[in-house]
Amino acid sequence: MSKTNFFRIFSFLGILMCFSSFVLQAQSEKQLTLMLKILPEVAGKENCVVEIIKNGKETSKVDIPVNGEYNALALDYFNKYSISFKYPGHLIKTIPVSTEVPQEVWQKDPNFPPFPLLISLVKKTTENTENELSKPSSGIVYDKDVDNFVKVELKK
């Protein structure tokens with residue numbers, strides 16, 4: 001076998017191993033990724049504080065830049081979240097997210113694409129401080145008919 005053929009085979013196997021590791025890594029990450037773009041009515045230099053409450057107990061906070069770009073937020077499957085977006089001088093926006101997936105769907109294919117989400121934050125005024133704008137109006141859930149996660153309107 002010549003050195004050229006040996007190099008081609010070795011290169012092919014290296015590329016194959018590299019791609020297979022990406023596939024295995026993607027399958028091992030059992031999280032729903034929200035791709036967030038936060039749009040405050042009046043943007044400053046501050047970051048948006050995202051408070052994540054998991055199953056009504058565990059609370060964590062993440063700072064997300066308000067720079068017009070999408071930022072990833074990963075959520076574990078089979079949980080219920082309440083995600084609040086807090087930006088100085090703006091109303092707090094809260095979105096409930098359920099990452100529950102039916103077991104038959106999960107067994108078939110547990111990989112879902114990232115969910116894009118635009119978060120518009122309204123400037124706080126004396127008129128809207130006690131308004132319905134700060135209460136959740138929509139949430140994110142799995143929809144069996146679509147076979148993906150969707151944004152749904154909440155009943156008030």
Side-chain angles (χ1 to χ4, degrees), residues 17-156:
M17 287 174 44
C18 182
F19 282 125
S20 65
S21 71
F22 288 138
V23 170
L24 290 174
Q25 181 181 10
Q27 289 178 352
S28 67
E29 293 179 15
K30 300 294 185 210
Q31 295 180 315
L32 173 65
T33 302
L34 299 181
M35 295 304 296
L36 303 172
K37 183 186 253 188
I38 300 170
L39 304 169
E41 194 171 345
V42 179
K45 294 182 180 180
E46 302 90 353
N47 287 338
C48 181
V49 176
V50 180
E51 183 180 75
I52 305 158
I53 300 173
K54 182 177 179 180
N55 298 323
K57 300 173 190 170
E58 303 172 40
T59 302
S60 61
K61 292 183 180 180
V62 177
D63 282 352
I64 295 185
V66 179
N67 56 8
E69 296 178 11
Y70 281 94
N71 294 278
L73 180 65
L75 305 175
D76 296 328
Y77 285 108
F78 302 103
N79 292 286
K80 292 186 186 285
Y81 293 91
S82 177
I83 303 174
S84 298
F85 300 88
K86 301 175 182 182
Y87 192 73
H90 290 71
L91 294 175
I92 296 170
K93 186 166 198 167
T94 302
I95 298 177
V97 178
S98 173
T99 57
E100 300 279 336
V101 178
Q103 281 300 319
E104 64 271 10
V105 173
W106 185 257
Q107 297 299 326
K108 188 176 105 182
D109 184 13
N111 298 310
F112 295 94
F115 189 88
L117 190 60
L118 291 173
I119 304 297
S120 297
L121 299 175
V122 178
K123 186 167 176 45
K124 190 185 294 186
T125 64
T126 54
E127 292 84 32
N128 69 10
T129 302
E130 297 296 323
N131 197 336
E132 296 287 316
L133 289 173
S134 60
K135 295 180 181 171
S137 62
S138 62
I140 299 170
V141 297
Y142 175 80
D143 185 331
K144 195 170 187 173
D145 294 333
V146 179
D147 189 25
N148 205 347
F149 286 86
V150 296
K151 194 171 186 181
V152 294
E153 296 300 315
L154 300 176
K155 298 173 186 158
K156 291 191 177 189

Nearest non-hydrogen partners of [X] and [Y], listed with the distance:
{"X": "Leu121", "Y": "Tyr87", "result": "CD1-CB, 3.6 Å"}
{"X": "Val101", "Y": "Trp106", "result": "CG1-N, 4.1 Å"}
{"X": "Ile95", "Y": "Ser138", "result": "CG2-O, 3.8 Å"}
{"X": "Leu32", "Y": "Pro113", "result": "CD1-O, 4.2 Å"}
{"X": "Ser98", "Y": "Phe149", "result": "O-CE2, 3.4 Å"}
{"X": "Asn47", "Y": "Pro88", "result": "O-CD, 4.5 Å"}

Is there a side-chain contact between [X] and [Y] (heavy atoms, below 4.5 Å)?
{"X": "Lys30", "Y": "Phe78", "value": "no"}
{"X": "Leu75", "Y": "Gln31", "value": "no"}
{"X": "Ile52", "Y": "Thr59", "value": "no"}

Does [X] reach the main-chain N or O of [Y] with its side chain, forming a donor-acceptor pair under 3.5 Å?
{"X": "Glu51", "Y": "Ser84", "answer": "no"}
{"X": "Asn55", "Y": "Lys57", "answer": "no"}
{"X": "His90", "Y": "Ser120", "answer": "no"}

Report task. Test Asp76 against Lys54 for side-chain contact (heavy atoms from CB on, under 4.5 Å), laying out the working first. Result -> CA-CA 9 Å; Asp76 296 328; Lys54 182 177 179 180; 2.9 Å; yes

Got a second to check how far [X]'s [atom1] is from [Y]'s [atom2], nearest 0.5 Å?
{"X": "Leu91", "Y": "Lys123", "atom1": "CG", "atom2": "NZ", "value": "10.0 Å"}
{"X": "Asn71", "Y": "Ile64", "atom1": "CG", "atom2": "CD1", "value": "5.5 Å"}
{"X": "Glu41", "Y": "Thr125", "atom1": "CD", "atom2": "OG1", "value": "8.5 Å"}
{"X": "Tyr70", "Y": "Leu118", "atom1": "OH", "atom2": "CG", "value": "4.0 Å"}

Report task. Verify side-chain contact (heavy atoms from CB on, under 4.5 Å) between Asn148 and Asp143, making sure each step is shown before the conclusion. Result -> CA-CA 6 Å; Asn148 205 347; Asp143 185 331; over 6 Å; no

Query raised in the report: Run the side-chain contact (heavy atoms from CB on, under 4.5 Å) check on Phe85 and Leu36 step by step: do they pass?
Result: CA-CA 11 Å; Phe85 300 88; Leu36 303 172; 3.9 Å; yes

Query - The single option from Val50, Thr99, Ile83, Ile119 passing side chain to side chain contact (heavy atoms under 4.5 Å, CB included) against Leu34 - result: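 The single option meeting the side chain to side chain contact (heavy atoms under 4.5 Å, CB included) with Leu34 is Ile83.
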
Report task. For Tyr81, check ring pair (Phe, Tyr, Trp, His ring centres under 6.0 Å) against everything at least two apart and list the hits. Result -> none

Query - Step-by-step side-chain contact (heavy atoms from CB on, under 4.5 Å) determination, Ile140 to Leu117 - result: CA-CA 10 Å; Ile140 299 170; Leu117 190 60; 3.8 Å; yes

